[in-house]
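Order of appearance sets the numbers: ligands from 1, and atoms from 1 within every ligand. Just so you know, these numbers come straight off a predicted model, no measurement behind them. Just so it is clear, the values below take in all heavy atoms, side chains as well, and ignore hydrogens, waters and symmetry mates.
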Amino acid sequence: MKVVDVVVVGAGQAGLAASYYLTSMRIDHVVLERGRIGESWRSQRWDSFRLVLPNWTVRLPGFAYQADDPDGFMSKDSLVGLLEDYARSFKPNIRENSEVVELRQDGSGFAIELKDSTILAKKVVVATGPFSKPRVPLFAADVPKSVFQIHSVDYKNLDQLQSGGVLIVGTGQSGSQIAIELHEAGIDVKLCVSKCARFPRRYRGKDVAWWLEKTGYFDSTSHSLPSEKTRYACNAMLSGQNGGRDVNLRGLGLEGIQLLGRAERVENGEMIFAADLKSNLDAGDLAYEKCISLLNDYANNQKLTLPADTNETIDFDPPFLKSLDFKRSGVTNIIWSTGLRYDFDFIKIPVFSESGFPHQMRGTTEVRGLYFLGLPYLHKKKSSLLLGISEDAEYVVRHLSNISNCV
Ligand SMILES: Cc1cc2nc3c(=O)[nH]c(=O)nc-3n(C[C@H](O)[C@H](O)[C@H](O)COP(=O)(O)OP(=O)(O)OC[C@H]3O[C@@H](n4cnc5c(N)ncnc54)[C@H](O)[C@@H]3O)c2cc1C
């Protein structure tokens, strides 16, 4: 059986970036993708999705954003098109519709099982993404059968929903943006607020992404994380809709979205909420204040002359609601925006910590020839972003090109 030098699993931005460097170093490799190029963006985002970070942050190696709207926020279809153009630009060997169902060590190399064949490789780069497995709380099973339930990863548009109100559980980037979309479509939205940061979309004339890059936020490393748990903290609420906008939950509350605490359990046809609405909103505000002071410190140190802040403070303290009766409230739908985790179940190699994250250093592992790419804080904050994948992919490919490995 032919042994491939390198197998890359996954053809999202991370797998393609790895393939770019492998191609430029003339290293024999194949990219295996379970769906099509950019599958996560195709099938795991809602129809009206826009990037949260501006187009100029699309910095794939050898393919930085060049079009005429660097400050815009591209749609998911445009991003998929861009990833396809990227692949065409260096013509990697990509096998679409090729799901890896098992990866194991085989001699000093690896055996990669597809549904209908096995590939042997000397080295493997796992680039299967940070967001593969939807998380839904167990008590979802106790929700009355008449209520339609869907995870945000499967939500595409409001045609999927029953008529009636919608309870959205979770205010990460997905939940908060879907809430706005439904509210603007005239649907009664109730929103369980999570402990997520909010950042200003624009501050003193610049998009927050400009500031975050200048201040080194995207370059903060995993060593700066106070605990392993914070690796998975939700990203700050922001939106790329309508040219980019803030997501301030207090403002949404004033506009008529009913804000609720964390969904805790279901009892007798009622959803019960934790008494954490106030503290979760306060935590978002505190993160906002910290962000502002980081930006101001930078502006002062650099002696930048910038316009004054025009963001307005919204004073709105929503009342606390202990429970919600599905029938009486008219809520006929739940969108679980409770997050996603990576899925490494197919990897039969003991390389994971208790939390399931690979033991790794900048994507390299103690298993000779096994690498990871694209995970949150794999090395830096930007490791899972279009903005930062180039740096990690280059490091990993240079590392693997320097080790010899025979099967
Ligand atoms: C709401 C939201 C907004 C976001 N906004 C931005 C933004 O503005 N800017 C930004 O940079 N990032 C953004 N992100 C983050 C971004 O979506 C991910 O970080 C990014 O997709 C990671 O790229 P990746 O290549 O590592 O993983 P993915 O894009 O998930 O690619 C992994 C690929 O591996 C394939 N795969 C998985 N398992 C297997 C297997 N067993 N066999 C074969 N193939 C497999 C998948 O089909 C997929 O194509 C956002 C995420 C969300 C949820």
Suppose we measure from [atom] to each protein heavy atom; which comes out shortest, and what is that distance?
atom                    : answer
atom 14 (N) of ligand 1 : Trp41 CH2, 3.8 Å
atom 49 (O) of ligand 1 : Glu33 OE1, 2.6 Å
atom 23 (O) of ligand 1 : Gln13 CD, 3.2 Å
atom 31 (O) of ligand 1 : Gly12 CA, 3.5 Å
atom 11 (O) of ligand 1 : Leu386 N, 2.7 Å
atom 15 (C) of ligand 1 : Phe131 CE1, 3.9 Å
atom 7 (C) of ligand 1  : Leu51 CD2, 3.6 Å
atom 27 (O) of ligand 1 : Gly129 CA, 3.1 Å

Ion pair present between [X] and [Y], side-chain N to carboxylate O less than 4.0 angstrom?
X      : Y      : answer
Lys122 : Asp5   : yes
Glu84  : Arg42  : yes
Arg250 : Asp317 : yes
Asp106 : Arg104 : no
Glu184 : Arg245 : yes

Contact partition for [X] relative to ligand 1, non-hydrogen atoms under 4.0 Å:
X      : value
Phe49  : side chain
Ser132 : neither
Leu32  : backbone
Gln44  : neither

State, without any angle test, whether Tyr377 and Ser220 hold a side-chain donor-acceptor pair at a distance under 3.5 Å.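 Their side chains do contain a donor-acceptor pair, which is all the 3.5 Å distance test asks for.
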Any side-chain donor-acceptor pair under 3.5 Å between Tyr232 and Tyr342?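 Yes - a donor-acceptor pair under 3.5 Å links their side chains.
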Rounded to the nearest 0.5 Å, what separates atom CD in Gln162 from atom OG in Ser146?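 Result: 7.5 Å between the selected atoms.
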Pairwise distance NZ(Lys214) to CG(Leu295) - rounded to 0.5 angstrom: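 It is 13.0 Å, given to the nearest 0.5 Å.
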Go through Phe63 and Tyr20 one step at a time and tell me if the ring pair (Phe, Tyr, Trp, His ring centres under 6.0 Å) criterion holds. CA-CA 10 Å; Phe63 208 77; Tyr20 172 84; 9.1 Å; no
If you measure from [atom] to every heavy atom of [options], which option wins on shortest distance?
atom                    : options                      : value
atom 24 (P) of ligand 1 : Gly10, Ala14, Ser40, Ser174  : Ala14
atom 36 (N) of ligand 1 : Lys382, Arg59, Gln173, Arg34 : Arg34
atom 42 (N) of ligand 1 : Val100, Leu53, Leu83, Asn55  : Val100
atom 51 (C) of ligand 1 : Gln177, Lys76, Arg45, Glu102 : Arg45

Using a strict 4.0 Å cut-off to heavy atoms of [X], name the atoms of ligand 1 that fall inside it.
X      : result
Val9   : 40 (C), 42 (N), 43 (C)
Pro130 : 19 (O), 22 (C), 26 (O), 27 (O)
Glu39  : 47 (O), 49 (O)
Thr128 : 32 (C), 34 (O), 36 (N), 37 (C), 38 (N), 39 (C), 45 (C)
Gly374 : 26 (O)
Ser98  : 43 (C)
Leu385 : 10 (C), 11 (O), 12 (N)
Ala127 : 32 (C), 33 (C), 34 (O)

So, is Ser384 polar-close to ligand 1, with some N/O to N/O distance under 3.5 Å?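 Between Ser384 and ligand 1, an N or O pair is found under 3.5 Å apart.
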So, is Val52 polar-close to ligand 1, with some N/O to N/O distance under 3.5 Å?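 Among all N and O atoms of Val52, at least one is under 3.5 Å from an N or O of ligand 1.
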What are the two closest non-hydrogen atoms of Thr118 and Ala111, and how far apart are they?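 Heavy atoms only, the tightest pair is CG2-CB, 4.3 Å.
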Got a sec: does the CZ of Arg36 have more than 12 other heavy atoms crowding it under 6.0 Å?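 It does not: Arg36 CZ has 12 such atoms or fewer within range.
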NZ of Lys290: more than 12 outside heavy atoms within 6.0 angstrom?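 Check fails, neighbour count at 12 or below.
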Going by heavy atoms in the side chains, are Ile334 and Phe148 under 4.5 Å from each other?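 They are not in side-chain contact.
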For Glu213, the option from Lys206, Arg59, Lys381 that meets salt bridge (charged side-chain N to carboxylate O under 4.0 Å, His left out):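 The passing option is Arg59.
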